Amino acid sequence: MKSKIALQLPVYFVERILPIFWEVLLKQNNKNLDRLLSRKEAARYLSLSPGTLAVWDCTKRYDLKPRKVGKVVRYRLSDLDKFLEKQLIR
């Protein structure tokens with residue numbers, strides 16, 4: 001017969017450590033969403049060609065909010081996800 005073992009965490013751990021752990025974990029997830037992608041990476045993510053993204057940026061067909069970092073165009077991953085969400089047919 002298997003015995004059940006109840007896991008009891010110290011109060012200090014539950015009240016102090018766990019909230020800090022979750023806060024750090026959520027910040028890491030938000031950093032991944034705010035990651036900057038190159039035009040080539042963004043095109044691959046959207047299943048488009050880099051040329052298509054360049055034309056969209058130039059003509060303002062879709063506002064993907066491109067950012068210039070030096071001479072390179074970058075796209076925020078969260079902005080690309082928002083774009084995809086808007087394109088979904090419901």
Side-chain angles (χ1 to χ4, degrees):
M1 181 177 237
K2 293 183 180 179
S3 64
K4 293 182 181 179
I5 299 174
L7 178 64
Q8 292 184 339
L9 298 173
V11 173
Y12 176 82
F13 182 81
V14 172
E15 291 178 352
R16 299 283 179 127
I17 305 298
L18 277 180
I20 294 170
F21 171 77
W22 285 114
E23 183 179 337
V24 169
L25 187 65
L26 289 174
K27 281 183 182 177
Q28 286 179 343
N29 284 341
N30 287 339
K31 283 182 185 177
N32 286 338
L33 287 177
D34 288 341
R35 190 174 141 229
L36 291 176
L37 302 175
S38 68
R39 179 171 282 152
K40 188 175 181 179
E41 292 170 327
R44 190 177 310 127
Y45 185 75
L46 297 174
S47 299
L48 299 169
S49 73
T52 299
L53 286 182
V55 169
W56 287 358
D57 291 346
C58 184
T59 61
K60 308 288 188 223
R61 181 173 182 171
Y62 297 107
D63 186 23
L64 297 176
K65 301 178 184 170
R67 290 157 175 80
K68 287 275 290 209
V69 180
K71 294 181 180 181
V72 182
V73 176
R74 301 284 182 186
Y75 299 86
R76 210 173 278 287
L77 185 58
S78 58
D79 291 337
L80 298 179
D81 286 336
K82 287 176 189 174
F83 168 76
L84 289 174
E85 193 67 30
K86 287 181 185 177
Q87 301 304 312
L88 289 177
I89 299 172
R90 296 180 186 200

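Everything numeric in this text was worked out from a predicted model, so none of it was measured.
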Using the rule that two of Ile, Leu, Val, Met, Phe, Trp, Tyr join whenever any of their side-chain heavy atoms come within less than 4.5 Å, decide whether Y75 and L36 are in one cluster. no

For residues 52-67, pull every pair meeting salt bridge (Lys or Arg N to Asp or Glu O under 4.0 Å), keeping only residues two or more places apart or in separate chains. R39-D57, R67-D79

If I compare all heavy atoms of A43 with all of L53, which pair ends up nearest, and what's the gap? N-CD1, 3.4 Å

With sequence neighbours excluded, tell me which residues meet side-chain hydrogen bond (donor to acceptor under 3.5 Å, both in side chains) with Y62. none

For the atom pair CZ (F83) and CH2 (W56), what is the distance rounded to the nearest 0.5 Å? 4.0 Å

Taken in chain and number order and not counting sequence neighbours, the residues that satisfy side-chain contact (heavy atoms from CB on, under 4.5 Å) with S38 are K40, E41, R74

All N/O donor-acceptor pairs, side-chain side in residues 44-52, below 3.5 Å, sequence neighbours left out:
unit_1: Y45; atom_1: OH; unit_2: D81; atom_2: OD1; d: 2.3
unit_1: S49; atom_1: OG; unit_2: T52; atom_2: N; d: 3.1
unit_1: S49; atom_1: OG; unit_2: T52; atom_2: OG1; d: 2.9

